[in-house]
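Numbers for residues simply follow the sequence, beginning at 1.
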Amino acid sequence: MSEGFAARTVAAANGVAQDAAFGAVIAPIHLSTTFKFPAFEQAGPYDYSRLGNPTRDALADTIAKLEGGARAVMVASGMAALDLALSSLRPGDLLVAPHDCYGGTHRLLSFRAARGHYRVAFVDQTDPDARAAALAEGPKVVLIETPSNPLMRVVDIRRITADAKAAGALAVVDNTFLSPALQQPIALGADLVVHSTTKFLNGHSDVIGGVVVAADKAVGEELAAWANTIGVTGSPLDAYLTLRGLRTLFVRVEQQQRNAAVLAAFLEAHPAVARVHYPGPATDPGHALA
Ligand SMILES: Cc1ncc(COP(=O)(O)O)c(C=O)c1O
């Protein structure tokens, strides 16, 4: 069985027919906030939905498998996922982030830095000298977003994560734009992967959501505990919808790529268009990495 085939099977069928109560084929939506203890002072697998919820776990488990991670934490938005992934940073710690990251990410990091929660250096990660200079400052975390939103700039995850680790930094990759259907940053060296599941993973424009996937189980457990502590875990209904959307991830992404290639070619040839930001055509600087 090819790896691609296995990943498609995970997307389409992970967690199907696992319901112990009634044999439901599709993982039920567990909206209950609270769960009964089987006996006095004996908790079952779940007790309170902010901490843990079976529907949320069904989604998190599927995304963790698709990303090749050990543990995923589903949260209320992509921004919450980024904030959670960066929650190990302390006052004075340096975060290196892409200068062309998503605008909301830029705002989050700038506002956190302005409040003294950590320091941030926005760096053009396509520039090896700028990267080396930033790493020489001893960052605790290097954030990568590739392709970037909205300029679709592509950087080399393998190279940047290797350099980040050599410098003693944690490597966090925002994989929103390619999704695990096309890119698995953990296999390329990332410690954490974040997503705005609002985009390709859910794919139906009806849920704001996010996820953090940890390569290391213990790190994932710590993040899950912190997500519970600050109360950013996602809702079971959102988890259900996102898992339902995820079932068709591969077929959607494949069709979207075909559509995007046609659109990009049309725009490239259009006399009114000065520049197309799309790493598909060989003329784009990110093409070789995409
Ligand atoms: C690359 C990227 N990361 C994070 C986010 C934030 O996600 P959300 O809107 O789900 O909070 C977005 C949103 O557009 C994004 O494009």
Side-chain angles (χ1 to χ4, degrees), residues 67 77-179 182-196 199 210 212-215 219 223 275-279 283-290:
E67 286 288 3
S77 69
M79 293 322 306
L82 274 150
D83 209 32
L84 181 65
L86 302 175
S87 58
S88 62
L89 288 165
R90 302 280 171 272
D93 286 352
L94 178 64
L95 163 66
V96 170
H99 73 307
D100 60 340
C101 61
Y102 166 62
T105 304
H106 199 284
R107 178 179 55 207
L108 170 69
L109 308 187
S110 306
F111 281 22
R112 285 261 185 222
R115 290 177 175 204
H117 296 170
Y118 46 74
R119 294 178 297 132
V120 63
F122 291 104
V123 169
D124 179 353
Q125 293 180 341
T126 62
D127 175 351
D129 294 338
R131 285 205 316 262
L135 287 181
E137 300 292 316
K140 284 281 191 302
V141 177
V142 172
L143 175 66
I144 298 165
E145 181 186 303
T146 182
S148 63
N149 178 8
L151 291 182
M152 303 288 284
R153 296 229 295 196
V154 177
V155 296
D156 186 340
I157 295 179
R158 202 188 294 273
R159 163 68 60 83
I160 299 176
T161 54
D163 291 350
K165 283 181 167 172
L170 196 78
V172 179
V173 177
D174 187 331
N175 198 26
T176 297
F177 262 31
L178 282 189
S179 90
L182 299 175
Q183 173 170 274
Q184 291 101 25
I186 288 173
L188 301 173
D191 298 295
L192 297 177
V193 172
V194 298
H195 279 278
S196 166
K199 310 291 167 358
V212 183
V213 186
V219 172
L223 290 173
R275 171 97 203 267
V276 178
H277 295 277
Y278 176 63
T283 48
D284 189 282
H287 177 81
L289 294 168

With a 4.5 Å heavy-atom cut-off, do [X] and [Y] have their side chains touching?
| X | Y | value |
| --- | --- | --- |
| P139 | L135 | yes |
| L143 | T105 | yes |
| Q183 | I157 | yes |

Here's a test for you: under side-chain contact (heavy atoms from CB on, under 4.5 Å), which of V155, D174, D156 qualifies with T146? V155
[X] side, atom [atom1]; [Y] side, atom [atom2] - distance, nearest 0.5 Å:
| X | Y | atom1 | atom2 | result |
| --- | --- | --- | --- | --- |
| T161 | L170 | OG1 | CG | 11.0 Å |
| R90 | K140 | CZ | NZ | 10.5 Å |
| H117 | S87 | NE2 | OG | 13.0 Å |
| E145 | R153 | CD | CZ | 11.5 Å |
| H99 | L151 | NE2 | CG | 8.0 Å |

With a 3.5 Å distance limit and no angle check, can you tell me whether E137 reaches the backbone of L94 through a side-chain donor-acceptor pair? no
If only atom types and distance count, is the side chain of S196 paired as donor or acceptor with the main-chain N or O of T176 below 3.5 Å? no
Evaluate the side-chain contact (heavy atoms from CB on, under 4.5 Å) criterion for residues L86 and Y118: first the C-alpha distance (whole Å), next the side-chain angles of each, then the deciding distance (0.1 Å), finally the verdict. CA-CA 10 Å; L86 302 175; Y118 46 74; 4.0 Å; yes
Give the intermediate values and the outcome of side-chain contact (heavy atoms from CB on, under 4.5 Å) for residues V172 and V212. CA-CA 10 Å; V172 179; V212 183; over 6 Å; no
Given I160 and R131, is the side-chain contact (heavy atoms from CB on, under 4.5 Å) satisfied, shown in steps? CA-CA 8 Å; I160 299 176; R131 285 205 316 262; 3.8 Å; yes
Steps toward side-chain contact (heavy atoms from CB on, under 4.5 Å) verdict (D93, V141): CA-CA 8 Å; D93 286 352; V141 177; over 6 Å; no
Donor-acceptor pairs under 3.5 Å, side chain of residues 185-195 to any protein atom, not counting sequence neighbours: which ones?
{"unit_1": "D191", "atom_1": "OD2", "unit_2": "A171", "atom_2": "N", "d": "2.8"}
{"unit_1": "H195", "atom_1": "ND1", "unit_2": "N175", "atom_2": "O", "d": "3.4"}
{"unit_1": "H195", "atom_1": "NE2", "unit_2": "E67", "atom_2": "OE2", "d": "2.6"}

Under the ring-ring contact (aromatic ring centres under 6.0 Å, His included) test, residues paired with F122 that sit two or more places apart: H106
Heavy-atom pair of closest approach, residues A134 and V123: CB-CG2, 3.7 Å
